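Just so it is clear, the structure is predicted and the values come from calculations on it, not from any experiment.
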Amino acid sequence: MKLTIAFTLLALVLVACSSGPSVSRQDVLVSLADHVMVPAYQIASDDMNTLRNNVRNLCNDPTPATLKQTRDSWRKAKSSWMRSRAMGFGPTMDRRTRSFVDWWPVEPERIENTIASRDAITPEYVREFLSSTQRGLGAIEYLAFDDNAVAALSDDEQPRCEYLVASAEVAADEMIGLVDDWVGAGGESDAYVGEFTGRASSALLPLAAISETVRTTIFLLRSITDMQLGAALGMNDSEADPAAIRSGPGLSGVSDLREQVLGMQDTYLGASASDPEALGIGSLVSGVSEDADARVRASFTNALDAIGTLEEPFHETIYSDRAAAIAVYEALKVLQQTLNTEVVSLLGITVGFADTDGDGG
């Protein structure tokens with residue numbers, strides 16, 4: 001207890017003596033919600049709706065042109081969804097959004113069995129009766145990136161198009177619901193954004209909301225670094241496991257990795273296209289230690305630079321260019337350690353085992 005009190009007093013002294021910006025936790029939360037989190041989910045929702053419309057067009061007129069349009073919009077929706085992963089708490093967890101939008105791995109055999117055994121496949125059926133491994137962006141990828149997709153989707157004997165459209169409908173509708181939960185159909189009083197920022201009568205304590213944000217980044221980074229890339233490379237004396245890296249015909253592995261790290265950086269910097277001066281977690285860190293903030297920022301830059309050397313397909317590149325993959329792994333480990341030693345300790349955040357344990361997908 002004495003050590004805890006002493007650490008708290010030391011942190012307060014550091015804040016008082018620091019030449020860094022003086023901002024409150026609530027200032028940061030309001031800025032993050034308004035300039036990073038809600039816009040990120042809105043962009044992902046808009047991109048998912050565009051994908052839905054293009055899937056409909058593809059099934060109404062299966063041609064190479066409509067197929068390309070669908071694939072391009074799938075990649076865009078996947079990128080914006082991945083960038084929002086660092087904000088995956090609150091309604092995202094409550095609604096189990098990932099299970100409807102983008103779970104991994106998918107199960108092609110079960111998808112084909114469903115297509116072959118049913119006369120009709122509706123969005124309601126996909127949402128209520130199919131597992132997370134049979135829907136979402138993964139299922140859309142499986143169906144739309146088939147080499148014979150145009151011919152297969154022209155075949156009226158199987159409801160393949162119904163399955164594709166239904167999967168896109170479920171993903172798009174889920175994102176609309178998620179945005180509604182964040183911003184509130186009736187205003188902030190019934191929205192998570194009011195709870196998160198402290199602007200509603202029933203609100204999280206500012207430290208709890210800051211902790212939720214930081215812990216989500218730490219969990220996601222551990223999942224990417226240790227459970228996926230590290231496992232695939234066989235780091236820490238473990239046997240290499242190629243299946244740890246998500247692979248699919250859409251070849252989005254490097255993009256997925258980059259977008260997830262960019263999303264983490266967004267929450268740290270508070271950066272957004274609309275307002276690059278917005279506040280982030282780094283605003284609090286710099287108020288305690290500008291040196292620590294500089295180290296975190298440099299770690300993000302180094303990790304993204306390393307990722308920039310990778311090429312698609314990611315699941316093959318980690319073996320064909322192992323040195324580059326290991327450089328990415330090491331850069332992500334430095335980022336992981338920097339967040340754990342600098343941000344967590346300086347802001348007084350507690351990270352437990354459950355916060356760093358994986359949940360699959």
**Student:** Indicate the atoms forming the closest heavy-atom contact of Leu153 with Pro62, along with that distance.
**Tutor:** O-CG, 4.0 Å

**Student:** Within the distance-only criterion (no hydrogens, no angle test), does the side chain of Ser320 pair as donor or acceptor with the backbone N or O of Glu316 below 3.5 angstrom?
**Tutor:** yes

**Student:** Regarding Tyr41 and Asp46, do their side chains bring together a donor and an acceptor under 3.5 Å, going by distance alone?
**Tutor:** no

**Student:** Do the charged groups of Asp102 and Arg246 touch, with an N to O distance under 4.0 Å?
**Tutor:** yes

**Student:** One thing to verify: whether Asp72 and Lys76 come together as a salt bridge, which I'm taking to mean a side-chain N less than 4.0 angstrom from a carboxylate O.
**Tutor:** no

**Student:** Is the number of heavy atoms from other residues, nucleotides or ligands under 6.0 Å of Asp119 CG greater than 12?
**Tutor:** no

**Student:** So if you build clusters from Ile, Leu, Val, Met, Phe, Trp, Tyr with side-chain heavy-atom gaps below 4.5 Å, do Val179 and Val30 land together?
**Tutor:** no

**Student:** Would you check if the side chain of Thr70 reaches a backbone N or O of Asn54 as a donor-acceptor pair within less than 3.5 Å?
**Tutor:** yes

**Student:** Do Leu32 and Thr197 touch side chain to side chain, with heavy atoms closer than 4.5 Å?
**Tutor:** no

**Student:** Between Thr97 and Met93, is there a donor-acceptor pair closer than 3.5 Å when you use the side chain of the first and the backbone of the second?
**Tutor:** no

**Student:** Can you tell whether the side chains of Glu112 and Arg160 come within less than 4.0 Å, N to carboxylate O?
**Tutor:** yes

**Student:** Answer yes when Arg71 and Glu141 have at least one side-chain N-carboxylate O distance shorter than 4.0 Å, and no when they do not.
**Tutor:** no

**Student:** Distance check, rounded to the nearest 0.5 Å: Arg322 atom CZ versus Thr317 atom OG1?
**Tutor:** 13.5 Å

**Student:** Is a salt bridge present between Arg52 and Asp173, judged by a nitrogen-to-oxygen distance below 4.0 Å?
**Tutor:** yes

**Student:** Assigning hydrophobic clusters by single linkage (Ile, Leu, Val, Met, Phe, Trp, Tyr; side-chain heavy-atom cutoff under 4.5 Å), is Leu346 placed with Val23?
**Tutor:** yes

**Student:** In terms of relative ring orientation, are Phe145 and Trp74 parallel, tilted or perpendicular, with 30° and 60° separating the classes?
**Tutor:** perpendicular

**Student:** Looking only at heavy atoms, what is the nearest atom pair of Val296 and Leu335, with distance?
**Tutor:** O-CD1, 4.4 Å

**Student:** When you group the ILVMFWY residues by side-chain heavy-atom contacts below 4.5 Å and let the links chain together, are Leu178 and Val183 in the same group?
**Tutor:** yes

**Student:** Is it true that, when you exclude Gln337 itself, more than 12 heavy atoms of the residues, nucleotides or ligands shown sit nearer than 6.0 Å to its CD?
**Tutor:** yes

**Student:** A cation-pi test, strictly: NZ or CZ of Arg127 under 6.0 Å from the centre of the six-membered ring of Phe100 and no more than 45 degrees from its axis. Yes or no?
**Tutor:** yes

**Student:** Roughly how far, to the nearest 0.5 Å, is the CG atom of Leu51 from the CD1 atom of Ile140?
**Tutor:** 5.0 Å

**Student:** Look at atom OH of Tyr319 and say whether more than 12 heavy atoms of other residues, nucleotides or ligands are closer to it than 6.0 Å.
**Tutor:** yes

**Student:** Which value, rounded to the nearest 0.5 Å, describes the distance between Ile43 atom CD1 and Met175 atom CE?
**Tutor:** 10.5 Å

